[in-house]
Amino acid sequence: DAKTTQPNSMESNEEEPVHLPCNHSTISGTDYIHWYRQLPSQGPEYVIHGLTSNVNNRMASLAIAEDRKSSTLILHRATLRDAAVYYCIRGRGGSQGNLIFGKGTKLSVKP
Amino acid sequence: SQTIHQWPATLVQPVGSPLSLECTVEGTSNPNLYWYRQAAGRGLQLLFYSVGIGQISSEVPQNLSASRPQDRQFILSSKKLLLSDSGFYLCAWSVGSGKNIQYFGAGTRLSVL
């Protein structure tokens with residue numbers, strides 16, 4: 001049970017911003033929100049994570065709702081190389097493989 | 001910098017044959033190690049994880065086993081492959097016990113015929 005809900009697919013135009021939503025209404029106070037992406041025939045790649053505050057890194061931004069029941073991954077300018085499946089994951093701190101991958105959102109980027 | 005190696009990249013095996021997939025991590029000590037499987041068009045399923053040499057936890061009952069003979073080496077094995085063992089196998093590592101950010105290898109695509 002992934003315990004997160006994401007749209008199956010989304011489309012974007014190249015060089016436009018993309019907002020990928022995720023619902024995690026049963027999240028606990030100590031669960032981090034992780035985002036990974038997987039390009040075709042490759043292993044998943046870590047994108048970003050957060051707990052309560054919004055986060056920015058060189059790949060993306062993560063906006064977390066005040067009640068933490070939802071979050072949005074923001075790609076500021078989509079490129080063709082951003083076409084991938086994006087996974088939103090609730091992850092507990094700790095070494096025991098607590099990253100449960102759902103089906104993710106397949107992002108298509110049109111030139 | 002840390003790197004993770006998986007081999008082979010692709011593998012075709014007959015039903016009933018043994019399996020050994022190897023994963024090694026460089027540039028870090030005492031990593032947590034993971035084996036995942038991804039069936040076609042599906043999400044990733046955690047198979048095994050290890051927090052240290054000889055320490056293996058299994059997430060799902062199956063035809064597979066895992067071993068960690070060295071700190072940075074993780075091996076996935078089977079004595080007799082089944083058709084249902086086909087899939088994309090991924091090894092991953094993480095460090096510490098905090099945010100559990102995992103870094104994945106390139107994967108092995110296994111076809112059992």
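So you know, we letter chains A, B, ... as the sequences are listed, proteins then strands, and number each from 1. Treat the numbers as computed from the prediction; the structure is a model and nothing was measured.
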Going by heavy atoms in the side chains, are B:Leu90 and A:Gln38 under 4.5 Å from each other?
yes
Flag side-chain contact, heavy atom, 4.5 Å: A:Pro44 against B:Gln102:
no
Please indicate whether A:Asp67 has more than 12 foreign heavy atoms, meaning atoms of other residues, nucleotides or ligands, lying under 6.0 Å from its CG.
yes
So what's closer than 4.5 Å to chain A heavy atoms on B:Gln45: side chain, backbone, both or neither?
neither
Is A:Tyr32 reachable from A:Ile64 through a run of hydrophobic residues whose side-chain heavy atoms are each under 4.5 Å from the next?
no
For A:Tyr46 and B:Ile101, work out which heavy atoms get closest and say how close.
CD1-CG2, 3.5 Å
Side-chain heavy atoms nearer than 4.5 Å, only ILVMFWY residues, links allowed to pass through others: does that put B:Leu11 and B:Phe88 together?
yes
Identify whether B:Leu76 and B:Val15 are in the same connected component of the hydrophobic contact network (ILVMFWY, side-chain heavy atoms under 4.5 Å).
yes
